[in-house]
Amino acid sequence: MEPVYPDFVPDPADSHSEMESLQVDIADTAIFADAFETDIFDSHALVAGVDQGFDGDDAISAIVVMRDGHVVERVHASVPTQIPYIPGLLSFREGEAILAAFAKLETEPDVALFDGSGRIHFREAGLATHIGVTLDLPSVGVAKSLLCGRPTESLDDPLPVGSRVPIVADGNVTAPDGTVIGYALQSRQYDSGNRYINPLYVSPGHRISAETAADLVEGCCAGYKLPEPTRLADSYAAELTG
DNA sequence: GCGACAG
DNA sequence: ATCTTGTCGC
């Protein structure tokens, strides 16, 4: 796949203010509502998992495409990193490697799951939103910790599997206060013991609503905390790193 | 100035 | 993200 919006391709050489300005434009173009070409819940739907690993100064992006529980295609691309990790600007660090991997992909996914946030972002343009809009591909952000926003109820106590707690915009997010920008989703939990598993933070990237994004991620989980496409992309990136 | 911050 | 041992539970 190639970018549909070349102007949105992340450029690590930009100044921080240019990056933030681009994010405002991307958020303005993003659609945080269901707008797919094909039904992403159909058993024939192609769901991609995207994750990055690092090998020295290189960022390695791994993409695994699945259909009905089986791997259809997987690709990876390695690109030297230009900038360090900066909260709020993650897509400018990892974006080039991700787009290089998508360029190698022969399959056209119906939706992609990214490691990181989508709308749960200061300017509503996290990694999943940035790449999703640039490719004009339905996308979802799956993060393991919360960047910003406020849960409508405490997440300090363990939640049962399937629980969802809305994440709403607060003063640190450009969306109006109270806007649901994502969900904490308890994808897995220990049935006994003292320890407990933290929830995933799911948010819409592009062309999907917060509710549908949570439905999709929940449906892609197969006994592990992470949805299968993400989990396989994760281990693929890990084996490319060693 | 203070606090908060995906991967 | 990445560096790593021990520890808990089935």
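Keep in mind it's a predicted model, so treat the numbers as computed, not measured.
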Next on the checklist: If only side-chain N and O atoms count, and only distance matters, is there a donor-acceptor pair under 3.5 Å linking A:Ser209 with A:Asp34?
Outcome noted: yes

Checklist entry - Starting at CG of A:Leu90 and ending at C1' of B:dC5, how long is that distance when rounded to a whole Å? => result 12 Å

Next on the checklist: Under 4.0 Å, heavy atoms only, any strand: does A:Phe122 hit a base, just the sugar-phosphate, or nothing?
Outcome noted: base

Checklist entry - Just how far, in rounded Å, is P of B:dG7 from CD1 of A:Ile60? => result 18 Å

Item to check | Working for side-chain contact (heavy atoms from CB on, under 4.5 Å), residues A:Val173 and A:Thr179 | outcome: CA-CA 10 Å; A:Val173 180; A:Thr179 303; over 6 Å; no

Next on the checklist: Please report the distance, rounded to the nearest Å, between CD in A:Glu94 and C1' in B:dA6.
Outcome noted: 9 Å

Checklist entry - Is A:Ile98 touching bases, backbone alone, or none of the nucleic acid, heavy atoms closer than 4.0 Å? => result nothing

Checklist entry - Between atom CG in A:Asp115 and atom C1' in B:dG7, what is the gap in whole Å? => result 7 Å

Checklist outcome for this item: Min and max contacting nt of DNA chain C in 5' to 3' order, chain A heavy atoms within under 4.0 angstrom, are C:dA1 to C:dC10

Checklist entry - Between atom CG in A:Leu89 and atom C1' in B:dA4, what is the gap in whole Å? => result 15 Å

Checklist outcome for this item: Between A:Leu216 and the options A:Val142, A:Val202, A:Ile40, the side chain to side chain contact (heavy atoms under 4.5 Å, CB included) test singles out A:Ile40

Item to check | Qualifying residue for side chain to side chain contact (heavy atoms under 4.5 Å, CB included) with A:Phe122, from A:Thr174, A:Leu89, A:Leu147 | outcome: A:Leu147

Checklist entry - Below 4.5 Å, heavy atoms only, C-beta onward: do A:Arg93 and A:Phe54 meet side chain to side chain? => result yes

Checklist entry - With sugar-phosphate meaning primed atoms plus P, OP1 and OP2, does A:Gly53 contact a base, only sugar-phosphate, or nothing at under 4.0 Å between heavy atoms? => result sugar-phosphate

Checklist entry - Are A:Ser145 and B:dC5 close enough that a side-chain N or O sits under 4.0 Å from OP1 or OP2? => result no

Checklist entry - Is it true that the side chains of A:Tyr183 and A:Glu211 contain a donor and an acceptor less than 3.5 Å apart? => result yes

Item to check | Whole angstrom value for the distance that separates P of B:dG7 from CG of A:Leu226 | outcome: 10 Å

Next on the checklist: In whole Å, I'd like the distance from the CG atom of A:Leu146 to the P atom of B:dC5.
Outcome noted: 8 Å

Checklist entry - How many angstroms lie between CG in A:Leu155 and OH in A:Tyr201, if you round to the nearest 0.5 Å? => result 5.0 Å

Item to check | Whole angstrom value for the distance that separates C1' of B:dG7 from CG of A:Leu200 | outcome: 15 Å

Checklist entry - Touch check for A:Phe54, heavy atoms < 4.0 angstrom, all strands: base, sugar-phosphate only, or nothing? => result sugar-phosphate

